[in-house]
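Here the structure is laid out as structure tokens; the discussion comes afterwards.
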Amino acid sequence: MLRPRTLIVAVALALAACAPASPKKSATAPAAAPANPFFSASTLPFEAPPFDKIKDGDFQPAIEEGMKQQLVAIGKIADNPEPPTFDNTVVAMERSGELLARVSKVFFAITQSNTNDTLQKVQREEAPKQAEHRDAIYLNAKLFARVKAVYDGRDKAGLDAESKRLVERYYSNFVRSGAQLAAADQAQLREINKELSSLSSTFRTKLLAATKAAALEFDNADALAGMNEADLAAAAEAAKERKRDGKWLLTLQNTTQQPAQDSLKVRTTRAKLFEASVDRAERGDDNDTRTTITRIAELRAIRARLFGFKNYAQYSLEDQMAKTPARAIKLMTDMVPASLAKARSEAREMEKIARADGVKYKPWDLDFYIPGSQDDGGALRPWDWQYYAEQVRKQKYKIDGDEIGQYFLLDRVLQDGVFFAANKLYGITFKERHDIPVYQPDVRVFEVFDQDGSSLALFYADYFKRDNKAGGAWMSTFVDQSTLLGTKPVVYNVGNFTKPAPGKPALISRDDVITMFHEFGHALHGMFSSVKYPLLTGTSVPRDFVEFPSQFNEHWADEPSVFANYAKHYQTGEPMPEALVERIKAAGTYGQGFATTEYLGAALLDMAWHTLPESMTRRNDVGAFERSALKKYHIDYALVPPRYRTSYFAHIWSTGYAASYYAYLWTAVLRDDAFYWFKEHGGMTRENGQRFRDMVLSRGNSEELDAVYRAFRGHDPSVEPLLIERGLKAAPAAKK
Ligand SMILES: [Zn+2]
């Protein structure tokens, strides 16, 4: 098995900001604005968004009209003189808000991946109104009384299992949204929700601007010595796009460590790039996020207190698989010693090469986390890590990222890797469609067919980095699967891969390959959904389950038959030479110490912020708090800073992973444990794939998820497979 060099951490976003609704078939266009393309269901296949007709000015009126229409529908349900029933209350709610869902899903997608000043302004204006709208539904006392009546009578109502689950989820959503709070607390909650929603929109805007502004420009290429020709051309192109012809620009990825660090020979360039990354959002200018995030933390703590919880993490995890912060924290802290030990052993290997290179410790002017943190006293600094890790790969394992990259042509990875694996496991096939409108010319659309030739879904892929795109990679939907509404899934994947210079092939890194498999795992979860109700569809599952199908899908990138099918030289089409494949295998888990440690740093930082009591959230020492939190969990290793620092940790401040970043590790346990089920049952076969599809991928949130997992695996998840896969524990000797 090949193994990913870094843990891939990506965002899967369910549409959280709007009402519990989804598109449905018919719609009536209000006379006020007949030309707005959102006011009627799309006539395109799968009700795909008509991007050729949608203009920036269409969003705001459609969102406002959508909220209005939904409130009318909700009012009718709440005021219905008939006694409450499952159909006239819960199902009726599932059918409400079609216009709002239709426009919100597209708006969310575009503001994340192709935004502009106009859209950001709409976002700032609408965010608090959308929060208010949601509260108008979930804090509607009459409506809650009806939902509660249906909930209380659910065992005697003759409901099927999925319908009963739907009632329980609605009831829980109402309670967790404050339906049972006293009136004064509800009033406070409404204000908090409005402000939180504005703040998270502010955070997004600031971070995008900060990341853009922190890009490093170079007058000549000498400072970039070591970068390959394609990356240099991409850097020149990035400068050109900002009208800085003749310069070179290194734009930032969302993570602390930057991909370019692998190859940069000039140490001062590495230090500059590192510094640009770690203080991008702490420069004391308009893009500084620190006051925004401490206020978010404070409001979340107050919100938790209103619900009777000690802190936000407790409130949040009650509704997750982990149930309590203590369980999530224990999973992580148990792994800290082995993870740090492995990172240190990786550092020792690098030290040898670095010293031979003449690298010496220099007291760089950086104040973050280095003072007082665990420092081995060697020559290396954090900005040296990527570069010397790459040198170890080259010298000890004879692995060269550029050499390997020649075998990863984006389109081939997609079609002969990602799609190929899905075909082997699940029987589905793909056909590119050029007749479906897209929101940006780089976006591609594929129709997905089931084994019997029937049409299953649409899949959009938007892989290249842009200045107006948020960092990272994610999946979401334009249309959700629901048999109640008769809708089929329209899903998309977004990435931030370096766009090649014009005329150059799109060669991607091994990390990017894994990211593609990861995001496509989310896409499969959305496309295979086979449920009745929109609330329970596809990826609408707890955070600490949603990253399971995606991470599980990463395994197939390294399946020998799949790897051989996509890893072919971009010029000759020759498969990767056996000797190189063997060298990659020999490198094994090298790099997992770093990847696990930087992840644990970020995930424990998330927990540190969200286990704070209200009284301790209002603070102006973000950096100092960060250092003390890392120290508290013994993950303050100077050479491996957290994957995200507090000030640019978008997952926890704006994209729904607050107190949930641990979910990647939680689900990585499921990922490896489920993969071992495949290993124990004949590996990558169509039968095994179908079983996984039927028992896990198609179920959405229609059943209790630990039960879903147990039914598939035959027992509760075990952490052993993960420890073995990451080289944190030796594999047991093979049984004879
Ligand atoms: Zn993901």
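Whatever order the structure lists ligands and atoms in, that order sets their numbers, starting from 1.
- As for His522, its N/O/S atom nearest the Zn ion (ligand 1) is the one called NE2.
- Nearest N/O/S atom of His518 relative to the Zn ion (ligand 1): this is NE2.
- Nearest N, O or S atom of Glu547 to the Zn ion (ligand 1): atom OE1.
- Atom NZ of Lys424 has 12 or fewer heavy atoms from other residues, nucleotides or ligands within 6.0 Å.
- Between Arg169 and Glu162 no salt bridge is recorded (no basic side-chain N to carboxylate O distance below 4.0 Å).
- Between the side chains of Thr256 and Tyr648, at least one donor-acceptor pair of N or O atoms lies under 3.5 Å.
- Here Phe459 and Phe430 keep their ring centres 6.0 angstrom or further from each other.
- Here Glu519 fails the criterion, with no N, O or S atom under 2.8 Å of the Zn ion (ligand 1).
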